[in-house]
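The shown structure was predicted, so the numbers you read here are calculated from the model rather than taken from an experiment.
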Amino acid sequence: PVELSSREFALLLALAENAGRAMTRAQLEGAVYGWQDEPGSNAIEVHVHHLRRKLGVERIRTLRGIGYLIPKP
Amino acid sequence: MSQETAASTTRWFSLRRRLLALLLGGVTLGWAASLALSYHDAHHEIDEIFDANLVQVAQMLLALASEYDDDDDIARLPADVHKYQKKILFQLWTRDGYLLLRSRHAPTAPLTQEDGFSEAIGADQAPWRYYSQWDAEGDLRAVVGENHEVRQELAGHIASRLLVSALLGLPLLAAWIWFATRRALAPIDAIADQVGRREPQHLGPLTPPSAPTEIRPLLGALNGLLARVDQALESERRFTADAAHELRTPLAALGVQASVAARARDSAERDHALAQIAAGTKRASHLVDQLLTLARLDPNQGITKSPIRLDELAAEVCADQAGAALAKGIQLELEAGGDARVLGNADLLRILLRNLVDNAVRYSPAGGQVLIAVGTVAGKVRLAVSDNGPGIPPAQRDRAWERFHRLVGQEIEGSGLGLSIVARIAEQHGASLTLEDGLRGDEGGRGLRVAVLFDANS
């Protein structure tokens, strides 16, 4: 069992639901923070870092300049 | 259809009628003015001459008066020789009021008491003009009278002669104008006839043997339109022919696979054929999609533009294509920097980006690299998509934009329309395109970089 914060869970959900397709940072910010909260400049990076530590580095790919992606199983 | 709408909204008028009305109206006005002027002038001149005449007669009478000394002399005046003599009268008076001499029709009462010129209504109820003068000694007074109608008659006569000639001239002039306009407009009728007898597919320029310079702009515009229609029809024809040709190959392959599947001896063979059919169908529908995209990019159609962040749009498109890149083990990267705002149509620019990224991923070898760069160069926004695939030799780059053009010996699946679509969209955005060597690959390919240069919108 892995324990995730609500933001980490929202991020993972957004990536998993779009597995095989990259999500841009703007799309992920929308999914995690909705429209009311103002995320910090590197908030998504921090959450991705935490998720990788908990799930394994290879689970989430980085596409430089584009966003993040979970490969299709 | 267009002819009917033109007929219902155009207010037609006849050039001949208009010219006729304008010219005749102008000429009539001019003639009327000159007639009035002539009448006035004639009247004035006649007055001068007649007045001079009156004076002359009065002075002659006075000069001759010494010859006569009693009233009997009147009887010796010769009889009337001219009908106008009734209209010219004279009297010769002495200072003590004795009528010394008078013309045959003159009354015995004084014609006038006034000296010099005067006018009054005579005994015959007509207007008369008189002149009277005393001789140098003041003993004799000559009075000469003349019916005023004579002058008016004469002036009226002169004017009416002018009027008659004008009235006779006007119908002649009208006929001449009618004939002249018909002659002048004949070349236009000839051109209309030439256009009317044309076959719909005959779109060459109109070349009448002679035409007035005044309709030269019209002819020029018409010929320009004909040329454009011809070009549009020609490209439409070529497109249809090319499209049909391109679709024939995948459809033939599908047919072959279908008959293979029908005659398959075992399920493995049938499954293989069916998989081929599925893949072929996918390719064919991709081709059809691309064809439709290209057909919709009508170069003559205006597009709506709004400010767009090209870097954000590129990230979106790259994200969509990331799956395909990942499946080939291709490293997809976006490098964005600077102010990448352009004025454009988001849907079209998305199609442009998708085609470029899709091409790059398609042609890069497995494990290759695709780099998308968005940045500013010398006040312009530059989008560059580079891959490390086989690239295009410089000599063949010019033809790469043509529809259905594919490199000889090219094994990779493609419609051959991607770069045409990119070129069309770039053209609609006023952006310039260049093909360069891309990223050098491990397999020795030169790689390809497609660079699009937009005007910045900042």
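One distance of note links CG of Leu334(B) with CG of Leu63(A); it measures 10.0 Å at 0.5 Å rounding. Atoms NE2 and CZ, from His47(A) and Phe9(A) in turn, are 14.5 Å apart once rounded to the nearest 0.5 Å.
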Would you sort out whether Leu448(B) and Leu435(B) count as a side chain to side chain contact (heavy atoms under 4.5 Å, CB included), showing the intermediate values? CA-CA 7 Å; Leu448(B) 181 69; Leu435(B) 292 179; 4.2 Å; yes
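Counting only distance, with no hydrogens or angles, the side chain of Lys54(A) and the backbone of Leu4(A) share no donor-acceptor pair below 3.5 Å.
Smallest separation of non-hydrogen atoms from Val452(B) and Ala426(B): CG1-CB, 4.4 Å. The minimum heavy-atom distance linking Leu326(B) with Pro71(A) is given by the pair CD2-CB, 3.6 Å. Between Ile425(B) and Leu348(B), the closest heavy-atom pair is CD1-O, 3.3 Å.
Residue Ile66(A) touches chain B through both its backbone and its side chain, counting heavy-atom pairs closer than 4.5 Å. Residue contact with chain A, scored on non-hydrogen atoms closer than 4.5 Å, involves the backbone and the side chain of Leu332(B) alike.
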Kindly provide each donor-acceptor pair between chain A and chain B shorter than 3.5 Å, listing atom names and distance.
from: Gly20(A); atom 1: O; to: Gly323(B); atom 2: N; distance (Å): 3.2
from: Arg21(A); atom 1: NE; to: Asp320(B); atom 2: OD1; distance (Å): 2.9
from: Arg21(A); atom 1: NH2; to: Asp320(B); atom 2: OD1; distance (Å): 2.3
from: Ala22(A); atom 1: N; to: Ala319(B); atom 2: O; distance (Å): 3.0
from: Arg64(A); atom 1: O; to: Leu334(B); atom 2: N; distance (Å): 2.7
from: Arg64(A); atom 1: NE; to: Glu333(B); atom 2: OE1; distance (Å): 2.7
from: Arg64(A); atom 1: NH2; to: Glu333(B); atom 2: OE1; distance (Å): 2.6
from: Arg64(A); atom 1: NH2; to: Glu335(B); atom 2: OE2; distance (Å): 3.3

